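Quick caveat: nothing in here was measured; it's all calculated off a predicted structure.
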Amino acid sequence: PLDDVFIHFDYARAAARGYPLQWTEGNGISSGNTSLLYPFTLAVGYWAGFREEHLMKWALVVAWISVAFFLWVAARLVAPVGRWAKFLVPPVVLSLGALNWSLWSGMENAFHLATWALVLAPVLRAESALARGRPITRWAWLAGVAGVALVLTRPEAATSIAVLGFWLAHFVRKKRGFAAALGTLVRIGVPPLFALVGQAALNRVATGEW
């Protein structure tokens, strides 16, 4: 067993009992768990009756759903190659030993992949709409909102949002100009930015440190 897994479980149990963001119930908010969203996802399982070590079973359910969703979205990345290419995605991903182990460890890695795919999906829809000359504002906003879930799962995933945002903005600039590209970046980047600033501010107020 991993110490970090049970740290997540401690935060989940405390949240389910009415002490959100606390490692030890009643001791106040702690910034020790930088993944804010994952413990709340585990807390749902605690409410459903997955208590003590049985919470690991719920973590595996979350991991299974998360990986399935990630593979479904990732398949769209290889769609231009051919319909057959999507069948290569699962064995390629799951053949990476360290990644495969971490996905079923009870850590937030699988959930992280799911939230990453949650951002990728509207970005791909926006690219498709752009190619057909349709509006993409809604998809850019959806990517931004999904980005909130991504950075609240892992704050350093802001780099992934930046990559996807600039990638889409590049195509927007070629099709619709610099102003439209800048607007796309704002829609994708501002919601996660506010989430990160809010998390830092909460830490400052609750713990005295950013």
Side-chain angles (χ1 to χ4, degrees), residues 1-9 12 33-45 48 50 53-132 136 139-140 142-171 188 192:
L2 298 172
D3 289 345
D4 286 353
V5 173
F6 289 96
I7 291 174
H8 284 314
F9 286 8
N33 192 329
T34 55
S35 181
L36 296 187
L37 191 56
Y38 184 59
F40 285 100
T41 306
L42 295 177
V44 174
F50 293 89
E53 72 275 9
H54 296 293
L55 189 57
M56 186 64 201
K57 297 177 182 178
W58 175 252
L60 289 174
V61 171
V62 172
W64 182 85
I65 295 172
S66 297
V67 171
F69 177 70
F70 165 75
L71 293 175
W72 179 67
V73 175
R76 298 190 60 189
L77 286 173
V78 297
V81 179
R83 296 185 64 182
W84 57 270
K86 64 184 177 182
F87 296 106
L88 296 179
V89 175
V92 167
V93 171
L94 298 178
S95 67
L96 300 173
L99 173 62
N100 196 26
W101 173 82
S102 70
L103 294 178
W104 315 114
S105 66
M107 291 291 289
E108 76 276 17
N109 303 78
F111 189 73
H112 183 196
L113 283 183
T115 54
W116 184 86
L118 201 63
V119 178
L120 177 64
V123 168
L124 292 176
R125 292 296 296 267
E127 183 198 12
S128 178
L130 187 66
R132 298 194 303 269
I136 66 166
W139 298 116
L142 283 174
V145 172
V148 172
L150 180 55
V151 297
L152 291 183
T153 301
R154 293 302 315 171
E156 64 270 27
T159 55
S160 294
I161 297 171
V163 170
L164 292 173
F166 278 104
W167 180 70
L168 180 60
H170 168 70
F171 293 107
I188 294 177

Side chain to side chain contact (heavy atoms under 4.5 Å, CB included) between Leu118 and Val73, worked out: CA-CA 8 Å; Leu118 201 63; Val73 175; over 6 Å; no
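- For the atom pair CG (Asn109) and CG (Asn100), the distance works out to 11.5 Å, reported to the nearest 0.5 Å.
- To the nearest 0.5 angstrom, Leu55 atom CG is 8.5 Å from Phe50 atom CZ.
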Trp139 vs Val123, side chain to side chain contact (heavy atoms under 4.5 Å, CB included): CA-CA, chis, key distance, verdict: CA-CA 7 Å; Trp139 298 116; Val123 168; over 6 Å; no
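- Here the side chain of Trp58 pairs a donor or acceptor atom with the backbone of Thr41 at under 3.5 angstrom.
- Considering every non-hydrogen atom in both Ala12 and Pro39, the closest pair reads CB-O, 3.3 Å.
- The closest side-chain heavy-atom distance from Phe111 to Leu37 is below 4.5 Å.
- A search for ring-ring contact (aromatic ring centres under 6.0 Å, His included) contacts involving Phe171 returns Trp167, not counting sequence neighbours.
- Val78 places a side-chain heavy atom less than 4.5 Å from the side chain of Val89.
- Proximity of a side-chain donor or acceptor of Ser35 to a complementary backbone N or O of Thr153 within less than 3.5 Å is detected.
- From His112, atom NE2 reaches atom CD of Glu156 across 6.5 Å, with rounding to the nearest 0.5 Å.
- Between Ser66 and Ala110, the shortest heavy-atom distance links the atoms CB-O, 3.2 Å.
- In this structure, the side chains of Met56 and Leu60 come closer than 4.5 Å at one or more pairs of heavy atoms.
- With rounding to the nearest 0.5 Å, the separation of OG1 in Thr115 from CG in Leu120 is 11.5 Å.
- Counting only residues at least two apart or in different chains, salt bridge (Lys or Arg N to Asp or Glu O under 4.0 Å) contacts with residues 94-106 are absent.
- Considering CG of Leu142 and CD1 of Ile136, their distance stands at 12.0 Å, rounded to 0.5 Å.
- Taking both residues in full, the closest heavy atoms of Ile188 and Ala140 are given as CG1-O, 3.6 Å, listed atom of the first, atom of the second, then distance.
- Listed here is the closest heavy atom pair of Thr34 and Pro155: O-CD, 3.5 Å.
- No side-chain donor-acceptor contact under 3.5 Å links Ser128 to the backbone of Arg125.
- For residues 104-119, the set of pairs meeting the salt bridge (Lys or Arg N to Asp or Glu O under 4.0 Å) definition, not counting sequence neighbours, comprises Glu108-Arg154.
- For the pair Val67 and Leu103, the tightest heavy-atom approach, listed with the atom from each and the gap, is CG2-CD1, 4.1 Å.
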Evaluation steps, side chain to side chain contact (heavy atoms under 4.5 Å, CB included), between Leu77 and Lys86: CA-CA 8 Å; Leu77 286 173; Lys86 64 184 177 182; over 6 Å; no
Stepwise side chain to side chain contact (heavy atoms under 4.5 Å, CB included) test for Val163 and Ser160: CA-CA 5 Å; Val163 170; Ser160 294; 5.7 Å; no
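- Of all the heavy atoms in Leu168 and Ala126, the pair that sits closest is CD2-CB, 3.7 Å.
- For Ser95 (side chain) and Pro91 (main-chain N/O), a donor-acceptor pair under 3.5 Å exists by modelled atom type.
- Listed for the Tyr38 side chain is no donor-acceptor partner under 3.5 Å among the backbone atoms of His8.
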